[in-house]
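Heads up: numbering here begins at 1 and tracks the sequence. These numbers were taken from a predicted model, which means no experiment stands behind them.
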Amino acid sequence: MTKGNSTKITDDLYRYMLDHNPPLDEVQRGLVETTYAKFPDVAGMQSAQEQGPLLAFLVRLTGARHIVEVGTFTGFSALSMAQALPADGRLIACDVSEEWTAYGREAWAAAGVADRIELRIAPALDTLRAMPAEPHIDMAYVDADKESQIAYWEELVPRLRPGGLIVTDNTLFHGTVLDESATGSAAGVRAFNEHVAADSRMESVMLAISDGLTLSRKRQTV
């Protein structure tokens with residue numbers, strides 16, 4: 001195996017990258033800071049700062065109008081995607097916490113995109129299974145409990161339009177995917193990665209962005 005790039009991402013290099021990406025706006029920055037202030041022990045569940053501009057870029061690139069997010073936390077990723085939607089676009093955000101998502105609701109309203117986001121507080125599988133069965137989703141972002149990722153995938157793929165995109169976060173899971181004896185969430189991510197790689201309905205690429213990000217596009221003919 002030849003490793004093509006040995007660049008180490010130091011703190012200074014990470015800051016350089018952020019400085020050369022689209023900057024977070026005032027509402028996005030405020031939500032990131034509030035999340036770390038209010039929930040320091042679990043703030044790592046928030047999508048990395050560079051993922052906000054990336055998700056917005058992917059929304060615009062795919063021309064998405066109907067997005068589903070599985071796992072919203074305090075709403076940073078939903079905010080970033082909703083801001084990139086056209087005015088008549090819609091994002092369904094799935095989460096189980098009223099406490100965490102309350103901060104998202106405030107930020108979405110402050111950014112003027114609350115009308116584009118429908119928050120559904122319920123187990124995500126229940127929400128997904130209640131959606132129309134035919135392909136209608138343009139893009140999905142999955143960042144929720146890792147042991148249910150295959151189940152989420154199997155609900156999303158049939159509902160994804162041909163050419164549609166699923167973005168899955170944490171697919172390197174802090175490096176624990178290398179552990180063949182992994183249990184719990186790490187085992188869930190390992191199983192998910194194998195499942196995705198073997199799914200002929202989709203074409204996927206895993207990227208070393210933040211904690212691992214997998215982009216999966218539905219093939220035009222399945």
### Query
Is the closest side-chain heavy-atom distance between D143 and S77 below 4.5 Å?
no
### Message
Restricting to ring-ring contact (aromatic ring centres under 6.0 Å, His included), what partner residues turn up for Y16, sequence neighbours left out?
### Response
H20
### Query
Which atoms form the tightest heavy-atom contact between L172 and A208, and what is the distance?
CD1-CA, 4.2 Å
### Query
Atom CG of L55 and atom CG of L61: how far apart are they, to the nearest 0.5 Å?
12.5 Å
### Query
Should I117 and V167 be regarded as members of a common hydrophobic cluster, given that ILVMFWY residues are connected when their side-chain heavy atoms come within less than 4.5 Å of each other, either directly or indirectly?
yes
### Query
Between atom OG1 of T101 and atom CD1 of I121, what is the distance when rounded to the nearest 0.5 Å?
3.5 Å
### Query
Going through the distances and angles, do Q149 and H195 end up as a side chain to side chain donor-acceptor pair (under 3.5 Å)?
CA-CA 10 Å; Q149 284 190 140; H195 188 82; over 6 Å; no
## Note on the structure
Separation between CG (N193) and OG (S204), nearest 0.5 Å, reads 10.0 Å
### Query
Any side-chain heavy-atom pair from K218 and L156 closer than 4.5 angstrom?
no
### hydrophobic_cluster_shared for I209 and L178, side chain cutoff 4.5 Å
no
### Query
Hey, what do you get for CH2 (W108) to CG (L31), rounding to the nearest 0.5 Å?
9.5 Å
### Query
If you look at every heavy atom in A122 and V96, which pair is closest and at what distance?
O-CG1, 3.5 Å
### Task
Enter the distance from E99:CD to K38:NZ here, rounded to the nearest 0.5 Å.
10.0 Å
### Message
Would a single hydrophobic cluster contain both M206 and V157, if residues Ile, Leu, Val, Met, Phe, Trp and Tyr are joined by side-chain heavy-atom contacts under 4.5 Å?
### Response
no
### Task
Check the hydrophobic clustering (I, L, V, M, F, W, Y; side-chain heavy atoms under 4.5 Å; chains of links allowed) and say if L207 and V177 are grouped together.
no
### Query
Taking all non-hydrogen atoms of both residues, which atom of E147 and which atom of S185 are closest, and how far apart?
OE2-N, 3.9 Å
### Task
Answer yes or no: is there a side-chain heavy-atom contact under 4.5 Å between W100 and V42?
yes
### Message
Check this for me: D88, atom CG, are more than 12 non-hydrogen atoms of other residues, nucleotides or ligands nearer than 6.0 Å?
### Response
yes
### Task
Decide whether Y152 and T168 meet the rule of one side-chain donor and one side-chain acceptor closer than 3.5 Å.
no
### Message
With a 3.5 Å distance limit and no angle check, can you tell me whether D138 reaches the backbone of R65 through a side-chain donor-acceptor pair?
### Response
yes
### Worked verdict on F192 versus T171 for side chain to side chain contact (heavy atoms under 4.5 Å, CB included)
CA-CA 8 Å; F192 174 78; T171 51; 4.2 Å; yes
### Task
Determine the minimum heavy-atom distance between A84 and A56, stating which atoms define it.
CB-O, 3.5 Å
### Message
Could you tell me if the side chain of R116 sits less than 4.5 Å from the side chain of L91, heavy atoms only?
### Response
no
### Query
Would you call the rings of F39 and F73 parallel, tilted or perpendicular if under 30° counts as parallel and over 60° as perpendicular?
tilted
### Query
Is there side-chain contact between Y36 and Q46, with at least one heavy-atom pair below 4.5 Å?
yes
### Query
Are E155 and L125 close enough that some pair of their side-chain heavy atoms sits under 4.5 Å apart?
yes
### Message
Just so I know, are the side chains of I92 and M131 near enough to count as touching, which here means a heavy-atom distance under 4.5 Å?
### Response
yes
### Least distance between heavy atoms, A182 atom then A187 atom
O-CB, 3.3 Å
### Task
Considering non-hydrogen atoms only, spot the tightest contact between K146 and D169 and give its length.
NZ-O, 3.9 Å
### Query
Which distance, rounded to the nearest 0.5 Å, do you find between the CD of Q83 and the CE of M81?
11.0 Å
### Residue pair P158 / R201, side-chain heavy-atom distance below 4.5 Å
yes
### Query
After noting the C-alpha distance and the side-chain angles of Q49 and R29, does the key distance pass the side chain to side chain donor-acceptor pair (under 3.5 Å) rule?
CA-CA 9 Å; Q49 292 185 44; R29 173 64 58 193; 2.9 Å; yes
